[in-house]
Structure formats: structure tokens, C-alpha cells
Amino acid sequence: MKKKILAFLLILFPIFSLGVVKADTVKSKYVIASDSSFAPFVFQDSSNEYTGIDMDLIKAIAKDQGFEIEITNPGFDAAISAVQAGQADGIIAGMSVTDARKATFDFSDSYYTANTILGVKESSTIASYEDLKDKTVGVKNGTASQTFLTENQSKYGYKIKTFADGASMYDSLNTGAIDAVMDDEPVLKYSISQGQKLKTPIAGTPIGETAFAVKKGTNPELIQMFNNGLANLKANGEFQKILDKYLASETSTDSTSTVDETTIWGLLQNNYKQLLSGLGITLALALISFAIAIVIGIIFGMFSVSPYKSLRLISEIFVDVIRGIPLMILAAFIFWGIPNFIESITGQQSPINDFVAGTIALSLNAAAYIAEIVRGGIQAVPVGQMEASRSLGISYGKTMRKIILPQATKLMLPNFVNQFVIALKDTTIVSAIGLVELFQTGKIIIARNYQSFKMYAILAIFYLVIITLLTRLAKRLEKRIR
Ligand code: GLN
């Protein structure tokens with residue numbers, strides 16, 4: 001009997017292994033980028049962990065194939081950019097395989113199929129695409145739904161409003177800022193099953209298979225491992241279990257939630273850890289970038305009052321260029337633009353960390369303003385003092401240090417405090433590159449529980465308290481220096 005089984009297995013083995021290309025990990029760790037809110041594929045559960053079909057799937061495949069992963073959740077559009085810029089090795093985010101994307105991505109085997117579908121409020125009278133005339137339809141940037149809407153816009157005459165993430169899009173639909181949304185069918189259906197008062201009046205349109213992707217021509221072993229792992233999980237039933245966990249249990253509405261998230265207290269209780277970590281990032285960003293900005297700002301400020309024309313010119317150009325570029329564009333340029341440029345020249349992917357990119361952008365931005373504060377402070381000291389000191393034979397450097405700067409510093413201090421407050425608030429802007437600081441943390445929480453009024457109030461109070469405390473502290477320091 002045993003022999004028979006053995007012989008049977010020996011025959012089967014080559015049959016099964018036929019066509020399976022084995023793949024081995026090349027990197028010690030693969031960075032996988034994903035959406036920030038796209039339930040049931042990826043979303044945060046009530047204990048603030050990312051879960052969903054995609055999260056479970058990629059983790060199970062990594063385990064099955066024996067490779068290490070690190071998951072980031074910057075949002076769909078940002079995840080796409082991250083893979084293209086080499087900041088991430090792969091993307092799993094309920095991503096549809098479209099012909100256009102095949103030009104820039106290599107896709108794995110598909111693990112799902114999705115339509116795009118229109119979602120409106122339960123009370124809405126919109127029942128066909130024709131009804132959308134002059135109405136506003138929301139859509140997430142970079143998605144297949146966006147392509148669909150753009151292609152059909154002239155036919156139906158609606159306006160399109162683009163959102164960076166699903167949370168703000170659904171929020172806007174709930175508050176009536178937009179009349180409809182276009183999103184993947186399983187996502188809309190899932191949110192309805194979770195109690196959202198929405199409906200889908202029109203049948204969906206196919207947008208393609210859902211698959212895992214890497215940047216075209218890179219990490220081929222990752223695609224191979226994904227395919228092999230997916231095949232194994234399908235064979236041993238684990239894949240079906242993952243699907244069932246999120247799709248079959250429509251009745252168990254968020255059963256894991258133990259704390260009531262409709263009260264401010266409940267929100268804080270459930271999310272304080274995440275909020276504190278977001279706050280930590282915000283403070284680190286503000287403090288580090290401001291320290292760097294002071295150094296750069298003082299250098300350029302001194303240049304701007306220097307007796308040398310070339311130094312004055314350098315300072316002027318620096319201030320004009322940085323001040324003339326919006327901070328958000330500066331951050332995007334550093335995070336996505338420069339790595340893309342370097343790659344186009346060297347052929348090497350050279351990603352930059354989001355925290356580093358955010359810090360550089362904030363430092364440069366604040367430095368330009370600080371340079372102006374320094375210039376203003378020095379110029380406010382009457383010129384007569386420099387002239388008198390120089391005519392006594394004291395050098396320029398010494399006059400600066402001993403006579404001008406001590407007076408100028410006193411004039412500059414209140415402006416420095418002011419600039420720091422601005423720097424702290426500006427950290428919210430760099431959340432655009434997917435950095436999960438305090439603001440982004442709040443948005444992710446809202447994506448899960450739709451408590452935008454209370455959550456934004458909490459965020460506002462967080463910033464208010466921190467800024468008040470820090471300005472008090474700064475005022476005290478200022479007095480001591482005086
Ligand atoms: N399936 C859609 C696409 O690929 C949406 C994906 C998403 O929003 N995460 O464009």
C-alpha cells in the first residue's frame with residue numbers, strides 16, 4: 001500500500017511541478033505600497049492595524065514563499081508613484097490591470113475581478129448616467145474609475161472632482177459636497193454592507209482583473225514568487241478563506257470594534273496610540289527642519305547684507321526661488337521628481353525616504369523666510385553704527401559680531417517664534433507625499449469610522465494645544481535671552 005502511494009506521488013510530482021518556475025528572493029526585504037482606505041481590500045480595523053484581502057494575501061504569500069515584506073499605505077495614487085519612483089518594490093491595492101498600465105507595470109496573475117460602479121446617497125434621485133448632467137461626481141486620483149469618468153464626460157455632461165483618498169471622497173458624498181462617486185464595485189458594496197446609506201443605481205462596467213504589480217522590468221522574482229504563492233494558497237484553500245473572511249460575513253458589521261467610536265472620548269480611547277505616534281512625527285518634522293532652517297537661513301541672511309555683491313546675489317536667488325515655489329510642489333519635487341530624474345540619467349533607482357524628503361522641503365522653505373528675518377533684523381540696526389565702528393578701525397566681522405548682531409537678534413526673536421509656528425503648521429502640507437504625520441493619521445482614522453466632525457475637532461485641538469505650549473515656552477526663552 002505504502003509503495004503504491006509513493007509511486008503515485010512520484011508520478012504526480014513532475015506533473016504538478018511542470019510549468020512552475022521557482023523563484024528566489026533577491027532582496028532581504030521588499031517594500032510593498034498600498035492604498036490607505038479601500039475596504040475590503042485594504043483598510044484599518046478598530047485597533048488601527050491594516051487588514052483586508054490584499055493585506056492578508058500579500059502576508060500569506062510572503063510567508064509561503066519565504067520573503068520579507070514591509071508594507072506602507074500612502075494611498076493609491078501615492079503608492080503608484082512610489083513604485084514608479086522606486087520607493088516601493090511592488091503595489092497591491094485592488095489595482096486593475098489596464099492596457100495603459102501595462103506600459104509601465106508588470107502584473108502578476110489576477111486574484112479578483114472588479115467593475116467600476118456609480119454610488120449615490122440612498123435618498124438620491126440619480127438613476128442613470130443621463131441624470132448626472134451638471135452634477136458633480138467624485139473619484140480617486142489615478143484610478144481606472146477616473147479614466148472611465150474622463151472618457152465619458154462629454155457624453156453625459158457631469159463635473160469631475162478628484163480626491164487623493166477614498167476617505168475624503170466618501171466624506172464629501174455624505175456631506176453633499178458632491179452628488180455621486182465612482183469607485184470599484186466591491187468597495188462600494190462593502191461600505192453599504194457596513195451600514196453606509198448609499199446605493200448603486202446603475203450596473204457596473206468592467207475595468208479589468210485585479211492583480212499585484214511591480215514597475216515594468218524590475219523585481220521579476222517578486223512577480224514570480226507572488227504567482228507561485230497565489231497558486232499554493234488557491235490549492236490549499238487559504239485564498240478562499242481570506243476572501244470569505246472579508247466578503248461572506250456581510251452580517252457581522254465591524255464585530256471587532258469594542259469601543260464606541262461615535263463619541264470624542266471613544267475616538268481618543270481607541271486611537272490615542274496612533275495619534276501620539278502621528279504627533280511624534282509632526283514634532284520631529286517641525287523641530288528637525290526648523291533647526292536646519294535656522295542654520296541655512298542665518299547663512300543666507302548674512303549673505304544678503306554682505307558687502308560682496310556676489311554673496312548678496314546668491315542669497316537673493318535662493319530666497320526668490322524657494323519663496324516662489326509652493327511647499328507642496330517642493331515636497332513632491334524632492335520626493336518624486338528628483339528620484340525620477342536621477343533614474344532617467346543613471347538608470348538606477350534611487351528612492352528617497354518620505355521623512356527625509358519632507359524634512360528637506362520644510363527646511364528649505366523655512367530657511368528662505370528666516371533669511372529674510374535675519375536680513376530685516378540686521379538692516380533695522382541704524383547704518384550709522386556700522387560706519388562709526390568701521391571708522392574706528394574695527395573690522396567688519398568684529399563689528400557684526402559685537403555691535404550689530406546683538407541688537408539685531410533681539411529684533412529677530414519674535415519673528416523666529418512666529419516662523420516656528422508656521423513651520424509646525426506647514427508639516428500638514430507634506431502629508432501630500434504620504435507621510436503619516438498627525439493630519440494624515442486623523443484622515444486614516446476617519447477613513448475607517450467616518451467621524452469627520454469629531455476627528456477634525458480633535459486634530460485642531462491637538463495642534464492648538466501644542467502650538468500654544470510651544471509659543472509659551474519660546475516666549476519664556478525669548479525673555480531670558482533679552
Ligand atoms: N481598481 C481601481 C484601479 O486600479 C481602484 C484601485 C484603488 O483605488 N485602490 O484603478
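In listed order, ligands and their atoms are each counted from 1. These numbers were taken from a predicted model, which means no experiment stands behind them. In this chain, residues are counted from 1 in sequence order.
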* **Cationic tip of Lys216 above Phe105 ring, under 6.0 Å, 45° of axis** =>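 No - Lys216 does not lie over the ring of Phe105 by the 6.0 Å and 45° rule.
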
* Take every heavy atom of Arg101, measure it against each atom of ligand 1, and state whether any distance is under 4.0 Å. =>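 Yes.
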
* Asked: Can you tell me if Gly94 has a non-hydrogen atom under 4.0 Å from ligand 1?
  ->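 Right, Gly94 reaches ligand 1.
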
Which of the numbered atoms in ligand 1 are under 4.0 angstrom from any heavy atom belonging to [X]?
X      : result
Ala93  : 6 (C), 7 (C), 9 (N)
Met95  : 4 (O)
Phe76  : 3 (C), 4 (O), 6 (C), 7 (C), 8 (O), 9 (N), 10 (O)
Phe38  : 5 (C), 6 (C), 7 (C), 8 (O), 9 (N)
Lys140 : 7 (C), 8 (O), 9 (N)
Asp35  : 7 (C), 8 (O), 9 (N)
Asp184 : 1 (N), 2 (C), 5 (C)
Ser96  : 1 (N), 2 (C), 3 (C), 4 (O)

* **Distance from atom 10 (O) of ligand 1 to nearest protein heavy atom, with residue and atom** =>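 Nearest protein contact, heavy atoms only, for atom 10 (O) of ligand 1 is Ala144 N, 2.6 Å.
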
* **Ion pair Glu221/Lys27, N-O distance below 4.0 Å** =>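 Lys27 and Glu221: not salt-bridged.
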
* Looking only at distance, does Thr143 have an N or O less than 3.5 Å from an N or O of ligand 1? ->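 Looking only at distances, the answer is no, because the N/O contact criterion of under 3.5 Å is not met.
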
Is the side chain of [X] donor-acceptor paired with the backbone N or O of [Y] at a distance under 3.5 Å, no angle test?
X      : Y      : value
Glu238 : Lys241 : no
Asn115 : Ile117 : no
Thr282 : Leu438 : yes

* With a cut-off of 6.0 Å (strictly less than), are more than 12 heavy atoms of other residues, nucleotides or ligands near CD of Glu68? ->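 No, the 6.0 Å shell around CD holds no more than 12 heavy atoms from other groups.
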
* To do: Might you work through the ring pair (Phe, Tyr, Trp, His ring centres under 6.0 Å) test for Tyr112 and Phe41, ending with a clear yes or no?
  => CA-CA 10 Å; Tyr112 207 81; Phe41 295 100; 5.4 Å; yes

* Asked: Is a side-chain donor-acceptor pair under 3.5 Å present for Ser168 with Asp171?
  ->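 Note: Asp171 and Ser168 side chains miss the donor-acceptor criterion.
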
